[in-house]
Amino acid sequence: MLLVNIAGIALIALIVWWFWLYEATDVVLNDNDLVIVVENGTYQPAQVRLAADQATELHFLRKDSSPCSEMVLLPDLEISESLPIDRPKSIAIPPLKKGEYAFHCQMQMYRGVLKVE
Amino acid sequence: MSEPTTDLHLSQAAAHDLEKGFKRDTQELIIEGAGCASCVTKIEGAIKQVPGVTGAEMNFAQRTVSVSGDADRKALVKAIEKAGYNAKPIAAGSDNDAMEEKEKAEWAYYKRLMREMTIALLLGVPLMIYSIVGGEMTVTTNSERLVWLIVGLLTLGVMVFSGKHFYIGAWQSFKNHSANMDTLIALGTGTAWLYSMVVVFAPDIVPEMARHVYFEATAMIIGLIDLGLALELKARGRTSQAIKRLIGLQAKTARVVRDEKDVDIAIEQVLLNDIVRARPGEKIPVDGLVVEGHTAIDESMLTGEPMPIEKKEGDEVVAGTLNKTGSILFKATRVGKDTALAQIINMVKRAQNSKPPIGRLADVISGYFVPVVMIVAVVSALVWLNFGPDPAVAFAIVSATTVLIIACPCALGLATPMSVMVGVGKAAEAGVLIRNGEALQMASKITAMVLDKTGTITLGSPKVTDIVMNSADSEVTVLQMVASLESGSEHPLALAIVESAQERGLQPGKVANFNAIAGHGVEADYEGKRLLFGNEKLMRERNIECESLVETAQELATQAKTPMYFAVDDQLEAIIAVADPIKEDSIAAIKRLQHNGIRVIMLTGDNRATAKAVAEKVGITEYFAEVLPQDKTDKIVELQMQDEIVGMTGDGINDAPALAMANVGFAIGTGTDVAIESADITLMRGSLHGLADAIAVSRATLRNIKQNLFGAFIYNAAGVPVAAGVLYPFFGLLLSPVIAGAAMAFSSLTVVTNANRLRMFKAQEH
């Protein structure tokens with residue numbers, strides 16, 4: 001029983017580490033050529049690094065027909081756009097100050113972040 | 001800590017998709033400046049020189065060229081410009097096309113979900129009936145092992161066919177260190193199936209009392225959640241009906257006059273300054289100015305104004321409205337994304353997707369929700385294993401599975417956006433454009449409403465009603481002089497006087513040394529005389545004797561007329577009274593606002609007596625008269641200092657600072673000529689009922705959001721502990737995972753259905 005309890009507590013620790021403490025590597029946006037694929041409940045990549053004070057464009061390609069993936073919102077920038085299926089959608093991002101800007105679907109199940117440096 | 005670079009690889013693969021998406025097989029361009037048929041060869045020849053072009057065909061009548069191949073669009077435009085013409089690419093797909101495409105994709109997704117649900121329930125329902133009627137769901141003999149192995153494999157088939165999207169989604173999310181609804185379903189059903197397979201393959205490692213299989217739970221949960229998703233998809237479709245209706249107002253084609261012939265062309269191909277023909281019963285395809293003919297146009301679909309509006313030469317027509325009686329020709333002044341309708345659609349879409357502050361707490365919770373539920377499931381399993389009765393393992397598995405399945409992050413996430421979607425759409429149907437979720441929420445809280453008098457409560461088109469003589473001899477001379485003095489002014493009262501003079505056949509003369517005294521009046525030289533026209537205060541400042549007419553002026557003011565004094569060479573000559581009729585429904589609309597507990601206050605630059613008369617007529621007890629334009633914001637601040645949530649209604653242009661200062665600024669306009677970017681909420685028609693409608697619909701929406709959020713919070717806050725088994729020690733109650741699956745599937749459906757109830761909301765109660 002002790003082993004089971006230890007395993008259970010380890011599992012909880014693993015959940016906390018994997019979902020909250022782990023820091024994933026960012027993908028750097030170069031020459032506006034990066035595409036964020038919306039598929040299977042995720043944005044891929046979900047963390048995108050951008051340069052500060054530079055206008056840029058994000059390209060989203062929605063492959064997921066679930067209606068949850070239809071909208072992408074960038075609440076800090078007051079942007080909300082609907083994504084067509086299997087057709088790329090470009091979203092203009094104005095020059096941003098340093099910081100993190102979340103993007104997500106309406107229900108926050110698909111989540112990503114723009115890291116402006 | 002380093003993360004594998006799979007994301008980058010994926011995005012490179014996707015870049016290829018993007019490339020494919022941008023370079024379509026056929027591209028359409030509009031050509032400008034092609035005047036003769038020989039241009040066709042020249043343009044086609046120039047295009048064919050561009051790398052990647054496999055063919056080019058020009059339609060001379062429509063001035064369009066269709067290019068095949070995968071050439072770069074910029075290179076095409078450049079080549080055409082080099083040949084001496086201008087070219088513009090035609091935007092790929094209209095809103096109508098996008099909507100159709102979306103509906104098609106959703107229909108395909110719906111059919112897929114229903115198919116998957118059917119297969120899952122075909123296995124799940126018989127198994128569940130078997131367990132309910134007392135069939136043994138345990139493994140005790142070898143023959144039972146074989147039967148359950150076959151059932152287990154069939155369940156695996158259901159998991160792959162009907163639930164594949166949950167498992168792939170969960171895995172993808174897991175790889176990205178995030179978790180969503182898929183994670184919970186995959187974990188819940190996966191745990192139930194794996195445990196059951198362990199019982200089948202190695203019953204000996206499980207206590208005898210716990211050798212129970214849960215294949216029916218796995219199949220039923222997948223089937224029920226697929227069903228819930230399919231029904232939710234249908235219900236969601238209904239929430240966007242308002243925007244669909246607006247998009248449906250756009251005409252698909254336009255009849256344009258080119259080379260003295262009528263040509264039917266796609267709406268995207270209409271160019272600025274094209275001459276467009278609209279016949280009775282046809283939709284106006286783009287915004288424009290009538291150049292020939294007269295007609296009546298039904299603008300109700302955009303403004304909510306029920307009466308058709310007469311249009312003649314020089315009048316504006318708006319895309320999406322309906323030409324009723326006559327045939328007209330009009331010049332296109334705004335096309336494509338610039339038309340008022342396209343801007344309205346854009347604004348409604350944006351507002352529908354914005355969130356009011358009330359939804360922020362749910363957003364924060366959603367961010368942590370799934371991992372927390374996973375932890376609760378583990379804790380619950382440990383508690384059962386440590387303290388539960390026999391068979392503890394089975395209880396632990398059931399409780400963990402049920403916790404994972406019953407938790408519904410979707411209901412929380414959907415609560416706010418679904419209601420906003422319906423509420424903003426409902427408002428748009430009533431001719432009320434709400435800028436964003438914040439404006440929607442604030443409008444529901446308004447406690448005081450400030451109304452500008454001219455153009456808001458009144459029609460804003462004053463008329464001369466009285467001319468009272470003092471020392472002047474003839475009305476005509478007075479009107480001639482005052483009209484000359486006022487002819488350079490833009491003030492509505494000045495326009496009324498000039499119009500009245502013109503009606504009597506008088507032509508305003510030229511004045512010199514014109515001087516406008518802000519908020520008081522005007523002065524100028526005319527035929528060697530010094531003319532002064534303005535209010536009593538101005539006369540007194542200039543020491544002009546006006547006692548003889550003060551009483552008359554007061555009498556006129558009590559009749560809601562504005563008296564203005566006219567002096568020539570410092571001698572009072574006459575009083576001209578101007579009245580601005582009150583809008584027909586202002587009284588009823590103000591009563592509606594007051595009935596809803598809103599303090600209504602009137603602001604006007606007009607004199608005290610006129611303000612009082614108008615206020616009394618419309619049932620307003622609080623008013624501020626003789627307020628200079630720059631002082632309006634001070635009045636708003638004053639009210640805010642009294643802890644009022646202040647709404648300000650004005651015409652959107654002159655009142656911009658006050659609109660910005662108010663908690664919610666309402667721009668009111670007649671027809672579609674209002675600047676829709678200038679306020680938090682735009683009322684498309686002149687009636688103040690729009691104001692009451694806006695507040696009513698925002699209150700109803702906020703109430704709906706609160707119901708949804710409350711329901712979703714309570715559902716999760718109560719459902720998760722019950723699933724974990726907190727009621728078991730007291731009542732011996734432990735939920736079955738199948739019940740949890742049904743509850744979860746229908747919780748988000750309930751949220752969407754409740755939001756849809758808003759569609760029944762009737763804003764106009766008059």
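The basis for the numbers below is simple: all heavy atoms, side chains too, and nothing from hydrogens, waters or symmetry mates.
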Minimum heavy-atom distance A:V4-B:L382, with the two atoms named: O-CD2, 3.8 Å
Relative to the ring of A:W17, is the ring of B:H177 parallel (under 30°), tilted (30 to 60°) or perpendicular (over 60°)? perpendicular
Can you see which heavy atom on A:F19 is nearest to which on B:A179, and at what distance? CE2-CB, 3.6 Å
Can you label the angle between the A:W18 ring and the B:F174 ring as parallel, tilted or perpendicular, going by 30° and 60°? parallel
Between B:P371, B:A105, B:G169, which shows the greatest number of heavy-atom pairs under 4.5 Å with chain A? B:P371
Separation between OG1 (A:T42) and CG (B:N180), nearest 0.5 Å, reads 8.5 Å
Contacting moiety of B:Y368, where chain A heavy atoms sit under 4.5 Å: both
To the nearest 0.5 Å, tell me how far A:L14 CG sits from B:M374 CE. 9.0 Å
Which one of B:L414, B:V370, B:D182 has the most heavy-atom pairs closer than 4.5 Å to chain A? B:L414
How far apart are the closest heavy atoms of B:V378 and A:I15, and which atoms are they? CG2-CD1, 4.2 Å
Report which part of A:E70 has an atom under 4.5 Å of a heavy atom belonging to chain B: side chain, backbone, both, or neither. side chain
